There are 2 protein chains.
Amino acid sequence: MKDPAPHKKTRRAPPEGGPVTMATVGRMAGVSQVTVSRALSNPEKVSAATMQRIQEAIRVTGFVPNALAGALASRKSSLITALVPSITNVVYSSLLHGFSEIMRAEGYQLMVSETGFLPETEEALIFTHLSRRPDGILLTGIHHSAAARKMLLGAGIPVVEFWDITESPIDCCVGFSHTETGRRTAEAAFGWGYRRAATVSAGDERALRRRDGFRSRFAELSGDRDIPGITGEAGPASLQSGRLALSALIAEHAFQGGVIHCSSDQSAHGIVTEARSRGLRVPEDIAVIGFGDQDYAGFTDPPLTTVRVDRDRLGRAAARAMLTRFRGEEDPERVTDIGFEVIRRGSA
Amino acid sequence: MKDPAPHKKTRRAPPEGGPVTMATVGRMAGVSQVTVSRALSNPEKVSAATMQRIQEAIRVTGFVPNALAGALASRKSSLITALVPSITNVVYSSLLHGFSEIMRAEGYQLMVSETGFLPETEEALIFTHLSRRPDGILLTGIHHSAAARKMLLGAGIPVVEFWDITESPIDCCVGFSHTETGRRTAEAAFGWGYRRAATVSAGDERALRRRDGFRSRFAELSGDRDIPGITGEAGPASLQSGRLALSALIAEHAFQGGVIHCSSDQSAHGIVTEARSRGLRVPEDIAVIGFGDQDYAGFTDPPLTTVRVDRDRLGRAAARAMLTRFRGEEDPERVTDIGFEVIRRGSA
DNA sequence: TTGAAAGCGCTAACAC
DNA sequence: GTGTTAGCGCTTTCAA
């Protein structure tokens, strides 16, 4: 028997065994597809009896709604996109943790990618992520390529930049001044009596600003213009890189002692470890200041003097900034400085 | 002037300033929307001249394709969903890193959520994630609720369980035997001459299996049936928890020395730290064996004896397993045991 | 090489 | 309360 409608094109065989949709559920419950949709999003607008039958049908069929279709139709994906330099770095992963906790509670899901500290990669990822039509986007830092900024602006969604602050964010930023941490660390160290210093820094842009803040302020205060420094590559420092850095400082820069400003607790820990295994006393011979106040910082021996940033609060503040924008509030805060704290423990 | 078509319902004002779609681009380039689609997915099927005009139009408009619509129409989302206990734990984040690196190269994006080691949370997240219609799903471990297994099976997509192995995976698994790491560690420690032991373990199911493997095997070999142990909560151990555990072992279990089997390098590091600050020698008075071979394990003082799992390889193997399934290969490997290695350094 | 038509599974607007 | 209709922006036929 020929198909009576010559122009009826079907892509696939009839709907036997096809995906379970709201229509499937509706058929089984004796209602239309729309009613199923309503039962799921506005339960109060459906009669109790209908609700019962629909729920039973959902149970039997194992129906899982298609959020892709929902997002397309409603123009709301409930998706938040996040770009961080590296997820293996606790600093960023803990921030994401705090952020996603709040966003999840509000029904949003996170899609994360790593930029590897590379602006080109970030730019490419922004494009890919925007194609998923997220409701908002979270970026690390305040430096993004011109093309990236353009795409972001064009997307017309909230953009939260975190872990740094600027007077001119794309949309809004939540963080603290990296330069200022360096300066305040220098002031603290000078106040504790240190007159000679050195720096050990990772190569990424923010670590360098922390280092430079320390350098210039310490020079100002102590008059010492010759502060030796070891600078690594962009990317996370490790305990090992800290050990190597101290060795290099001693071997190549004839470092004689004083305080060492590190761009991370990891490298600070490495320096302490290396110093001890060389029989040097910490902080008497070599004092060390870390950055980040990682979970272990208070429990090393000696415990690390470091800069504490309330990452939990930062993550939450970023989430709050985004939620505020979703609510469409008038004139929301553009810059949130959550500050930091220099914590003195045993290592300096 | 009244609308001549009384039943013409438009949701929004006419398409002025609306989103930039393929139709917009097509109009500007003087071709139909379909041709724009083709230009993007099958460039070779479009004439060079047309291609030029389309690309120019894309550039001018800043067009970003809507992957939601694409996925809905093609039934392919290029999305992979991953569920891990915690992203702040380097063990899992480094695995994700390796996995996503390969998947991204193949055009897939990762959507990650944290289960917090809770099966109920995992179940809820599986539902949410499946609603995004991922092309594949990556799960941590081999224990999932019955409802979760059912949903997963019903989704009809590749499921890779990693970081553990079982004879009966949902689809396939890539990992190693946790019990076996404990047993082999016990054998190594016994071989090194240790005759007394203790354990310090996190409370999650896999850590407990490592601990039990160590316990029973060490008891078998040494005849010592009285191995004291400290067991923490589910969730990541920290340097601090290791320090506390050693204190508890000494105070509450009158631990006199011997080898301590830890469920992580973090707690092992804590024990070493605590031992030293108490004036105990490592490994002479107290020997410590960690787990994970974290980046710092070889650089603590003394360096940690530990169990190494090639996480990079594991992440890659998991990715390969998934890609194999995407290709629809016949009868693919269901269980991949990537093994582990006991590494002896200074702490035991 | 290009286009027209149909439909992916859902939500929004409206009528009953 | 519930159903009908008209899309959301794309891919997939199929015909030209």
Side-chain angles (χ1 to χ4, degrees), chain A residues 3 5-15 18-27 29-54 58 61 63-78 130-133, chain B residues 3 5-15 18-27 29-54 58 61 63-78 130-133:
Chain A
D3 189 336
H7 228 65
K8 202 92 183 177
K9 301 166 198 166
T10 38
R11 274 206 259 180
R12 233 182 335 286
V20 178
T21 68
M22 287 187 175
T24 320
V25 173
R27 221 169 293 133
V31 294
S32 77
Q33 171 265 326
V34 208
T35 305
V36 178
S37 171
R38 246 189 306 254
L40 261 29
S41 45
N42 294 72
E44 74 282 3
K45 296 199 162 190
V46 167
S47 79
T50 307
M51 195 63 188
Q52 282 278 328
R53 297 196 325 269
I54 290 180
I58 288 179
T61 54
F63 171 65
V64 176
N66 186 329
L68 251 28
L72 182 61
S74 66
R75 297 149 165 285
K76 177 172 191 319
S77 63
S78 295
L130 287 183
S131 77
R132 304 256 176 208
R133 296 297 186 267
Chain B
D3 190 333
H7 228 66
K8 203 89 183 180
K9 301 164 198 167
T10 38
R11 276 205 258 180
R12 234 182 333 287
V20 178
T21 68
M22 287 186 174
T24 319
V25 173
R27 222 169 292 133
V31 294
S32 76
Q33 170 266 327
V34 211
T35 305
V36 177
S37 172
R38 246 191 305 257
L40 260 30
S41 43
N42 294 73
E44 74 281 4
K45 296 198 160 189
V46 166
S47 79
T50 306
M51 194 64 190
Q52 282 277 328
R53 298 200 319 274
I54 290 179
I58 288 179
T61 54
F63 171 65
V64 176
N66 185 329
L68 251 29
L72 182 61
S74 66
R75 297 149 166 284
K76 177 172 191 316
S77 63
S78 296
L130 287 183
S131 77
R132 304 260 177 204
R133 296 297 187 267

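Since the model is a prediction, treat every value here as computed from it, not as a measurement.
- Rounding to whole angstrom units, CZ of residue B:Phe63 and C1' of D:dG9 are separated by 9 Å.
- Summarising the geometry, the separation between NZ on B:Lys76 and C1' on D:dC10 is reported as 15 Å, rounded to the nearest angstrom.
- Residues from residues 29-38 of chain B placing a heavy atom under 4.0 Å of any atom in DNA chain D, listed by number, are B:Gln33, B:Val34, B:Ser37.
- Nucleotide C:dC10 holds its P atom 12 Å from the CG atom of A:Leu72, rounded to whole Å.
- Comparing D:dG9, C:dC10, D:dC10 against the side chain of B:Met22 picks out D:dC10 as the nearest.
- With sequence neighbours left out, B:Ala69 forms a side-chain contact (heavy atoms from CB on, under 4.5 Å) with A:Leu72, B:Asn66.
- Taking atom CG of B:Leu68 as the reference point, atom C1' of D:dG7 lies 15 Å away to the nearest angstrom.
- For A:Thr24, the side chain to side chain donor-acceptor pair (under 3.5 Å) partners at least two apart in sequence or on another chain are A:Thr21.
- Protein atom CD1 of A:Ile54 is 14 Å distant from nucleotide atom P of D:dG1, rounded to whole Å.
- A distance-only check finds a donor-acceptor pair linking the side chain of B:Ser77 to the backbone of B:Arg133 [under 3.5 Å].
- By the side chain to side chain donor-acceptor pair (under 3.5 Å) test, A:Ser47 pairs with A:Thr50, sequence neighbours left out.
- In this structure, of C:dT2, D:dT2, C:dC8, it is C:dT2 that holds the atom nearest to the side chain of B:Thr50.
- With sequence neighbours excluded, no residue forms a side chain to side chain donor-acceptor pair (under 3.5 Å) with A:Ser37.
- Rounded to whole Å, the distance from CG on A:Asn42 to P on C:dC10 is 16 Å.
- At the phosphate of C:dC10, neither OP1 nor OP2 sits under 4.0 Å from any side-chain N or O atom of A:Arg75.
- Look at CD on B:Gln52: it is 16 Å from P on C:dT1, rounded to the nearest Å.
- Nucleotides of DNA chain C nearest to B:Ser47 and B:Arg133 differ in position, and the one nearer the 5' end is that of B:Ser47.
- When side chains are defined from C-beta on, A:Leu40 counts as touching A:Ile58, because their heavy atoms get closer than 4.5 Å.
- For B:Ser32, the side chain to side chain donor-acceptor pair (under 3.5 Å) criterion is met by B:Thr35, not counting sequence neighbours.
- Considering only side-chain atoms of A:Ala73, the nucleotide from D:dC8, D:dC10, D:dT12 that sits closest is D:dC8.
- What separates CE of A:Met51 from C1' of D:dT2 is a distance of 14 Å, to the nearest Å.
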